[in-house]
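Contents: one structure, followed by commentary.
Bear in mind the structure is a predicted one, so any value in this text is a computation, not a measurement.
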Amino acid sequence: MPKRIVTDKLRSYGAARRQIMPTVEHRSHKGLNNRAENSHLPLRKRERLVQRFRSPGALQRFTSVFSAVRNLFVPPRSKRSAIPVHLHRLRAIAHWKAVTGTTA
């Protein structure tokens, strides 16, 4: 039996807890439950991504190409203004066109 239950601010949690476990302490705060709520998000995101592919081989082929292309176009994470990000993307597009041999 848990010592305390931590939930967000949804009022129905308190009523349900009083009915099921009246002796357990209930702490309700918008930030206390963030660690539990956010810990599974990367897994859920990966699951949603995998649902689009018919087979593991298709996923592997996509990710092997996608990661290299994404690294070219997405600027490094730092506090940059819009102009350096825009220039980075213009250079990336020019590089992409040179590598693929496209003109348009």
Side-chain angles (χ1 to χ4, degrees):
M1 185 108 157
K3 293 180 182 178
R4 79 179 60 89
I5 296 174
V6 178
T7 63
D8 55 10
K9 300 292 264 184
L10 190 63
R11 291 203 179 264
S12 62
Y13 288 138
R17 190 223 24 107
R18 279 191 299 277
Q19 190 174 21
I20 296 170
M21 292 188 268
T23 59
V24 175
E25 177 191 357
H26 179 224
R27 296 188 65 194
S28 177
H29 186 269
K30 72 175 191 173
L32 288 177
N33 205 25
N34 281 353
R35 183 172 170 193
E37 293 291 331
N38 292 332
S39 64
H40 67 279
L41 285 182
L43 181 66
R44 298 281 186 242
K45 188 175 181 181
R46 220 174 318 144
E47 286 174 356
R48 276 196 312 271
L49 186 87
V50 171
Q51 286 176 358
R52 295 187 300 186
F53 297 97
R54 298 272 181 218
S55 68
L59 174 63
Q60 184 66 42
R61 285 189 300 275
F62 172 76
T63 54
S64 66
V65 173
F66 178 75
S67 60
V69 173
R70 183 188 183 281
N71 290 339
L72 175 66
F73 285 99
V74 176
R77 291 289 291 162
S78 62
K79 292 187 179 188
R80 288 186 172 184
S81 62
I83 293 173
V85 170
H86 182 70
L87 291 174
H88 174 84
R89 291 211 171 113
L90 287 176
R91 284 192 297 270
I93 290 170
H95 182 68
W96 180 259
K97 287 180 179 179
V99 168
T100 59
T102 57
T103 57

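- Atom CZ in Phe73 sits 13.0 Å away from atom CZ in Arg91 (nearest 0.5 Å).
- Atom NZ in Lys3 sits 11.0 Å away from atom CD in Glu25 (nearest 0.5 Å).
- Take Arg89 and apply the side chain to side chain contact (heavy atoms under 4.5 Å, CB included) test, not counting sequence neighbours, and it matches Pro75, Val85.
- The minimum heavy-atom distance linking Val24 with Arg17 is given by the pair O-NH1, 2.9 Å.
- For Thr100, the side-chain hydrogen bond (donor to acceptor under 3.5 Å, both in side chains) partners are Thr102, not counting sequence neighbours.
- By the criterion of side-chain heavy atoms lying less than 4.5 angstrom apart, applied directly or through intervening Ile, Leu, Val, Met, Phe, Trp or Tyr residues, Val65 is not grouped with Val74; the two fall into different hydrophobic clusters.
- Residues forming a side-chain hydrogen bond (donor to acceptor under 3.5 Å, both in side chains) with His88 (at least two apart in sequence, or on another chain): none.
- A distance of 3.5 Å separates CD1 of Ile5 from CE of Met21, quoted to the nearest 0.5 Å.
- In the displayed structure, Leu90 atom CG is contacted under 6.0 Å by more than 12 heavy atoms of other residues, nucleotides or ligands.
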